[in-house]
Amino acid sequence: MMDTAQLTAHLHLLHSSFRHYVGRDLAGLAWQGVSTAHTLDAAPFVLLSHNTDADPLFTYGNQKALEVFEMDWETLTQLPSRYSAEALVREEREHLLQTVARQGYIDDYAGVRISSSGRRFLIRQAIVWNLRDAQGNYAGQAAYFDQWEYLPEITRTRYSQG
């Protein structure tokens, strides 16, 4: 887990990049340093980020993200973010990330994601934006969503012999 200084610096990156691209404060919170960082980390919405690797790894997930994706911090931050989507929708996810890279952000994404236990959930009205460091360099991408619903389990028919 990040220490308080790392957490605050990383969440400031998410917050300032959100403000730059979207034109408003992340979750309506004015940046107040450590207190805002702790509020975002404990918030009732999902907040995630990934880095700039060729196969980007998650670099952050707030407590709600860890809960929804059913992962602990160590598991999440070692996971390529593409694994948050099922194999069949990874091409759609890649298209989304390329669109965000070009435009700076999108604020109406919907799609199916999958937790570590295989539980599928639909997210709606997600905001995905580019991260840019203090020098304006590309530093990854982040996502925020507060609307999700778990999808029914896919039932499998077992065939019996007889």
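If you're wondering where the values come from, they're calculated on a predicted model, not measured in any experiment.
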Would you check if the side chain of R120 reaches a backbone N or O of V112 as a donor-acceptor pair within less than 3.5 Å? no
Heavy atoms of L66 and G61 approach each other most closely as CG-O, 4.0 Å
With sequence neighbours left out, the residues meeting side-chain hydrogen bond (donor to acceptor under 3.5 Å, both in side chains) with D107 are none
For L14, is there any backbone N or O sitting under 3.5 Å from a side-chain donor or acceptor partner on W129? yes
Side chains of L26 and T36: does their closest heavy-atom pair fall under 4.5 Å? no
Can you measure from CG (L76) to OH (Y60) and round to the nearest 0.5 angstrom? 10.0 Å
If I compare all heavy atoms of Q141 with all of N130, which pair ends up nearest, and what's the gap? NE2-OD1, 3.1 Å
Within-4.5 Å side-chain heavy-atom neighbours: L57 and Q78: no
What do you reckon, is CD of E74 surrounded by more than 12 foreign heavy atoms closer than 6.0 Å? yes
Pairing donors with acceptors under 3.5 angstrom, does anything connect the side chains of S49 and H10? yes
Say you draw a straight line from CE of M1 to CG of L7; how long is it, rounded to the nearest 0.5 Å? 6.0 Å
Nearest-0.5 Å distance that lies between atom OG in S17 and atom OH in Y105: 14.0 Å
So, taking the atom named CZ in R119 and the one named CD in E70, what distance separates them when rounded to the nearest 0.5 Å? 5.5 Å
Does L11 reach the side chain of W31, with side-chain heavy atoms less than 4.5 Å apart? yes
Which label fits F58 and H50: parallel for a plane angle under 30°, tilted from 30 to 60°, or perpendicular past 60°? tilted
Under 4.5 Å between side-chain heavy atoms, hopping through other hydrophobics if needed: is there a path connecting F145 to Y150? yes
Which heavy atom of A139 sits nearest to which heavy atom of T52, and what is that distance? C-CG2, 3.4 Å
Side chains of H38 and T4: closer than 4.5 Å at any heavy-atom pair? yes
Nearest heavy atoms of L29 and H15, plus distance in Å: O-NE2, 2.5 Å
For a 4.5 angstrom cut-off between non-hydrogen side-chain atoms, does F69 reach T75? no
Where is the tightest heavy-atom contact between M71 and S116, given as atom of each residue plus distance? CG-CB, 3.8 Å
Is any side-chain heavy atom of Q63 closer than 4.5 Å to a side-chain heavy atom of D41? yes
Under 4.5 Å between any side-chain heavy atoms of V46 and R113, yes or no? no
Aromatic plane relationship, F45 with Y144 - under 30° parallel, 30 to 60° tilted, over 60° perpendicular: tilted
Within the 4.5 Å heavy-atom criterion, are Y109 and I123 side-chain neighbours or not? yes
Residues 96-103, side-chain donor-acceptor partners within the protein, below 3.5 Å, at least two apart:
from : atom 1 : to  : atom 2 : distance (Å)
Q98  : NE2    : E94 : OE2    : 3.3
T99  : OG1    : H95 : O      : 3.0

Partners meeting ring pair (Phe, Tyr, Trp, His ring centres under 6.0 Å) with Y138 (sequence neighbours left out): none
Of the non-hydrogen atoms in A27 and L40, which two are nearest, and what is the gap between them? CB-CD2, 4.4 Å
How many angstroms lie between atom OH of Y21 and atom CG of L131, to the nearest 0.5 angstrom? 8.5 Å
Indicate yes or no for a side-chain donor-acceptor contact from N62 to the backbone of L47 under 3.5 Å, with no hydrogens or angles considered. yes
ILVMFWY network linking W148 to I114, side-chain heavy atoms under 4.5 angstrom: no
In this structure, CZ of R93 is separated from OG of S81 (nearest 0.5 Å) by 3.5 Å
